[in-house]
Each structure stands twice: as structure tokens, then as C-alpha cells.
Amino acid sequence: MSNSEVALATLAKHGKSFRFAGYFLPEDKLAQAARLYAFCRWIDDIADESSDKAQAKVELNNIQNALESGTHICSNTSDFLLLQQELGFSSTLPIQLIEGVKQDLYTVEFETEYDLIRYAYRVAGVVGLMMCPILGAYEEGLPHATNLGIAMQLTNIARDVFEDAVMGRRYIPRQWCDVSAQEIVKNSEATQNKVVEAVKRLLTLSESYYCSGWQGLTYLPKKSRTAIAIAASVYREIGVKLAKHHKYAYWHGRTHVKLSKKVFIASSILLRGGYPDFERETVPPLATLQSAISDLQPYSITNSITGD
């Protein structure tokens, strides 16, 4: 199998919502998006699946060094370096991703919303930025691409509260909910009540970032716009379903979106010319949404210049 075929298989297995949205992308753009996804998945799996966290950190450091120096140390780094050359984005972006994933190697206990947003930027916001040249985005859309990635990561965290706690991770800020990962796993009624309120807050916060992401769709060509609107809307539906149908019962396992609902969402977006339905007046200013990452958000993805 070619690198693209392997990447598409990885996307189909682990990223079903994204694979569904990929049907609305041109074949060449889908292949590049799948290769990017496969790389990000590989990095994530090193942290999640390794029984030796010290060795996992060494491996991630080696990959980071390879990306910084342009050294081909394995087939995964070779294909990613080739993809990076094709798309022209800075190595700063995947290095930020790796720095974020390194946080998952040990106990995660965020204290503040600031910590949460910076983490979400590193593991998901930068992925949105790396997608921009694949999609043909204008640079004016970069902050919105970042925010859409952050929104989807917040949905991910809300969905996986219990699963993450089992792994010793509590991404919900302590300032919102002063419980430990161990207490979440013990799952007392008192803890459930506290965490449910925090999950509600997570999903409310995600809505602000989703709406900013929707604003950025105007900086994409129509075919790309439609695919991204579908991908993000299907992913957002996880949070909607967790709230409406599961009543925020995060301890019942992962929330999934059925194919029939994905088709309904896609049809609705196609009827609106590639845009989801959202309340534009509810979107906070970019400066507010990105206050925690102003020193990380790049002015351009083709270099490493970032804000002050």
C-alpha cells in the first residue's frame, strides 16, 4: 500500500467523522489531509499507548529533533517532511503539537482555563493551521482555523472525561471543578454533579470557538468550505448529543454520531452553500478567544513568527 492508502485506512479506522467529511473534498486534498491525520495520530498514540512513558518522551524528542533538522528517521517522519515541503508550513506547527502531546505522558491536572486553551491550541489548533494550505485557505482565516481546532478539542475533552480520568488525566480546570481524576473514576454522585457542571461549561466555551470557526469559512474555497463545515458540525454534534440525549452523563462511555445524523448534517450544510447555521452576533472578538495563546498563534504558517 502507498503512504496515501495507509493514511486513508488510518483515517477511516480512527477518524470516522473526518473520513465522512472527506468525501466532499477533491481526491488530492483528501489524500494530503489523511497523511496529516495519520501523522498526528501516530504522535498521539506514542503518548497514549506506551507502557514506558520515559521511553515515549525520548521517542517524541527524537521525532521533534528530526522535524527541526529535516532528518528522515523513519517512514512516518519521511512522509511528513515530504508533506510539509509540499504544503510549505513551518516546522513550528508540528513541534507545538508534539509539545502538547508530551503533556499527556504524565498526570494531567490543569489549574485554569488558560492552561486548557493553551493545551487545546497545541494538540488541535495547530492541526487546523496545518490544514489551511491543504484547503487553500487565505491567511486572514488562520485565527479562525485555530479556533475551530480548539473547539473540536473541547468537544473531545467533554466526551472523554471518564476515559481520560482512568488514564490519570483531568483536563477540566481545577478552578471550574475541584475534583481529581481518581475521584472522577470513583464516580460518586457528588463528583458527578460537580463534573456535569464543568462539562456544561466546556461545551458552552466550545460554542464560542465553533462560531469563530464558522466565521472563518468565508476564507476557504467552496469545496473546502463544505467539507470543513461538515467535519466540524458532525464533531460538534457529539457535544450536542452528550447534552440533549445523554443529559451530560459522561460516565456512560463515548458519545457517537450515527451515520444517518451525519448525512442529515451534510445535507443541511449543502443546502446552505457550505455554511452551518449559527448566531453570528454571539461570537466573542478574536482577541478575547485567543488571549491565552497570543504568544503562540502565528501571523503566517510559512514561518515561525508569532504574536507578542
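The structure presented is a predicted model; accordingly, all values stated were derived computationally and were not measured. The figures that follow rest on heavy atoms only: side chains count, while hydrogens, waters and symmetry mates do not.
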Pair D79 + R35, salt bridge at N-O below 4.0 Å:
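Counted as a salt bridge, because a side-chain N and a carboxylate O are separated by less than 4.0 Å.
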Hey, are E183 and K186 close enough for a salt bridge, meaning a charged N less than 4.0 Å from a carboxylate O?
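Salt bridge flag = no for K186 with E183.
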Table please: side-chain donor-acceptor pairs of residues 11-25 below 3.5 Å, with sequence neighbours left out.
| residue | atom | partner | partner atom | Å |
| --- | --- | --- | --- | --- |
| H14 | ND1 | R41 | NH2 | 3.4 |
| K16 | NZ | K13 | O | 3.0 |

Pairs flagged by ring-ring contact (aromatic ring centres under 6.0 Å, His included) wherever residues 170-205 is involved - sequence neighbours left out
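Found F110-Y171, Y119-Y171.
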All salt bridge (charged side-chain N to carboxylate O under 4.0 Å, His left out) counterparts of [X], not counting sequence neighbours:
X	result
E59	none
D104	none
E68	none
R122	none

Pairs in or reaching into residues 148-162: which pass side-chain hydrogen bond (donor to acceptor under 3.5 Å, both in side chains), with residues at least two apart or in two chains?
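side-chain hydrogen bond (donor to acceptor under 3.5 Å, both in side chains) check on residues 148-162 returns T155-Y210, N156-Y235, D160-R254.
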My understanding is that only residues two or more places apart in sequence, or in another chain, count here; which of them pass side chain to side chain contact (heavy atoms under 4.5 Å, CB included) with H252?
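Counting only residues at least two positions away or on another chain, H252 forms a side chain to side chain contact (heavy atoms under 4.5 Å, CB included) with A249.
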Got a sec, which residues hit side chain to side chain donor-acceptor pair (under 3.5 Å) with [X], two or more places apart in sequence or on another chain?
X	answer
T255	H246
T71	S69
Y106	none

Distance-only check: which donor-acceptor pairs under 3.5 Å involve side-chain atoms of residues 131-144, not counting sequence neighbours?
| residue | atom | partner | partner atom | Å |
| --- | --- | --- | --- | --- |
| E139 | OE2 | S300 | OG | 3.0 |
| H144 | ND1 | S212 | O | 2.7 |
| H144 | ND1 | S212 | OG | 3.2 |

Going by the angle between their ring planes, with limits at 30° and 60°, are F39 and F80 parallel, tilted or perpendicular?
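Rings of F39 and F80: parallel, as their planes differ by under 30°.
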